Amino acid sequence: MPELPEVETVRRGIEPLICGKTVTGVTVRNASLRWPVANDLEQRLCGGKVVSLNRRSKYLLIDFTKGTLIIHLGMSGYLRSLQQGEERLKHDHVELCFDDGTVLVYNDARRFGFILWTTDDPLRHERLVNLGPEPLSDVFSAAHLHRLAQRRKSVAIKPFLMDSKVVVGVGNIYASEALFMAGVDPRRKACCITLDECQQIVAAVQAVLKDAIAAGGTTICDFKNSSGKPGYFQQQLHVYGRDGEPCSRCGKPIVIARLGQRSSYFCGNCQR
DNA sequence: CAAGACTCCTGTCAGC
DNA sequence: TGCTGACAGGAGTCTT
């Protein structure tokens with residue numbers, strides 16, 4: 001389940017494979033993703049040269065001379081490069097062929113992801129324009145978090161952190177992990193979190209994401225393999241998915257709570 | 001506007 | 001062993 005670190009890992013992994021190369025063919029095997037793949041994608045992409053690869057939130061932005069491909073990996077999506085003669089896999093939905101023979105494949109079993117094309121500024125695209133700050137930027141500060149949190153009278157801090165208007169790229173796993181690191185109970189109301197605690201939370205979110213990116217970076221070489229999914233879950237998780245297991249800090253069992261339709265894992269002793 | 005429920009989809013796993 | 005149902009989750013829409 002690609003969260004921001006995984007998308008950044010994907011970006012770094014495929015950048016050297018396609019940057020500066022020209023699209024010579026596009027195959028869409030299944031256009032019914034979260035939003036349908038444009039039926040004229042091949043016409044739009046062919047002859048276009050990849051200028052750069054960028055990321056905004058969990059969106060991968062492939063800038064071409066003619067426009068930008070906006071890719072979201074959803075829950076189960078990944079990109080890999082196909083070796084010559086290699087078999088296609090189930091759920092290989094879209095393929096981009098480049099002039100040097102490189103083939104980039106989009107695979108997404110659950111089809112929560114999508115591939116969009118825009119000729120305008122991708123950051124002003126309707127999917128991106130209302131997003132909050134990047135978690136690793138200076139805009140994501142304790143003051144920012146505290147200011148927004150004070151207006152939210154009933155939502156708990158954990159679903160608040162997962163709100164993309166507050167900060168992008170913090171999914172269920174990293175929200176749980178960051179709140180553990182910050183020592184904050186995920187059930188507490190956002191409006192009751194102090195500025196000092198916001199500072200702890202910001203630092204924790206950034207540390208968790210940076211660690212995950214670093215862990216993903218170690219597996220970038222796998223991109224050339226057909227099995228080359230990037231290093232999801234390489235990181236040591238302290239609370240996520242560990243209900244009943246002892247807390248790594250105090251030894252008391254990790255507990256689980258439902259917050260905003262999502263499972264939240266935490267230590268009732270270390271997180272107050 | 002805020003907040004919660006519901007939705008998309010399929011692989012995985014528990015329970016029978 | 002095979003079937004069934006619950007569950008997972010990002011992010012959008014719908015309802016309250």
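We name chains A, B, ... by the order of the sequence lines, and we start the count at 1 in each one. Because the structure is a prediction, the values reported are computed rather than measured.
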Enquirer: Work out which heavy atom in Arg11(A) is nearest to a heavy atom in Leu60(A); give both atom names and the distance.
Expert: CB-CD1, 3.5 Å
Enquirer: To the nearest angstrom, how far is Asn130(A) atom CG from dA2(B) atom P?
Expert: 13 Å
Enquirer: Can you measure Leu131(A) atom CG to dG10(C) atom C1' for me and round it to whole angstrom units?
Expert: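 After rounding, the reported distance stands at 12 Å.
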Enquirer: Roughly how many Å is it from CD1 in Ile115(A) to P in dA11(C), rounded to a whole number?
Expert: 16 Å
Enquirer: For the base of dA8(C), is there a side-chain donor-acceptor partner from Arg262(A) under 3.5 Å away?
Expert: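 Checked by distance alone, the answer is no.
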Enquirer: Give the C-alpha distance, both sets of side-chain angles, the deciding distance and a yes or no for salt bridge (charged side-chain N to carboxylate O under 4.0 Å, His left out) between Lys58(A) and Glu6(A).
Expert: CA-CA 9 Å; Lys58(A) 296 175 188 174; Glu6(A) 284 79 23; over 6 Å; no
Enquirer: Let me know, please, whether Lys90(A) or Lys165(A) comes out on the 5' side of the other along DNA chain B by nearest nucleotide.
Expert: Lys165(A)
Enquirer: Check this one for me: any side-chain N or O of His72(A) less than 4.0 Å away from OP1 or OP2 of dA11(C)?
Expert: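 For dA11(C), OP1/OP2 do have a side-chain N/O of His72(A) under 4.0 Å.
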Enquirer: Roughly, in whole Å, what's the span from CE in Met162(A) to P in dA3(B)?
Expert: 15 Å
Enquirer: Less than 4.0 angstrom between a side-chain N/O of His91(A) and OP1 or OP2 of dC9(B), yes or no?
Expert: no
Enquirer: Under 4.0 Å from OP1 or OP2 of dA11(C): is there any side-chain N or O of Arg34(A) that close?
Expert: no
Enquirer: What is the distance from CD of Glu3(A) to C1' of dA11(C), rounded to the nearest Å?
Expert: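 In whole Å, dA11(C) C1' and Glu3(A) CD are 13 Å from each other.
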Enquirer: Using the ring-ring contact (aromatic ring centres under 6.0 Å, His included) definition, which of the options Trp35(A), Tyr78(A), Phe114(A), Tyr106(A) pairs with His72(A)?
Expert: Phe114(A)
Enquirer: Within less than 4.0 Å of OP1 or OP2 of dA11(C), is there a side-chain N or O belonging to Arg110(A)?
Expert: no
Enquirer: Phe112(A) on top of dG10(C)'s base, within under 5.5 Å and under 30°?
Expert: yes
Enquirer: For Asn130(A) and Arg127(A), does a side-chain donor sit closer than 3.5 Å to a side-chain acceptor?
Expert: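 No.
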Enquirer: Take atom CG of Leu128(A) and atom C1' of dA11(C), then tell me their distance rounded to the nearest Å.
Expert: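 Taking CG of Leu128(A) and C1' of dA11(C), I get 13 Å after rounding.
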Enquirer: What contact category does Tyr59(A) fall into here, base, sugar-phosphate, or nothing, at under 4.0 angstrom with non-hydrogen atoms?
Expert: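 The answer is sugar-phosphate, as Tyr59(A) gets under 4.0 Å only of primed atoms, P, OP1 or OP2.
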Enquirer: Taking only the side-chain heavy atoms of Ala109(A) (C-beta and beyond), determine which of dG11(B), dC9(B), dG12(C) contains the nearest atom.
Expert: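 The answer is dG11(B).
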Enquirer: As a quick check of understanding, evaluate side chain to side chain donor-acceptor pair (under 3.5 Å) for Ser263(A) and Arg258(A), giving each step before the final call.
Expert: CA-CA 5 Å; Ser263(A) 296; Arg258(A) 277 309 266 195; 3.1 Å; yes
Enquirer: Figure out the CE/C1' separation between Met75(A) and dG11(B), and round it to whole Å.
Expert: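 Spelled out: CE on Met75(A) to C1' on dG11(B) is 10 Å.
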Enquirer: Reckon Ser263(A) touches a base, only the sugar-phosphate, or nothing at all at heavy-atom distances under 4.0 Å?
Expert: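 Sugar-phosphate: the residue Ser263(A), judged by heavy atoms under 4.0 Å, touches backbone atoms but no base.
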Enquirer: Nearest to the side chain of Trp35(A), heavy atoms from C-beta on, is which of dG12(C), dG4(B), dG10(C)?
Expert: dG12(C)
Enquirer: Among dG10(C), dG12(C), dA3(B), find the nucleotide with the atom closest to the side chain of Ser154(A).
Expert: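 Of the options given, the side chain of Ser154(A) lies nearest dA3(B).
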Enquirer: If I take atom NZ in residue Lys189(A) and atom P in nucleotide dA3(B), what distance separates them, rounded to the nearest angstrom?
Expert: 9 Å
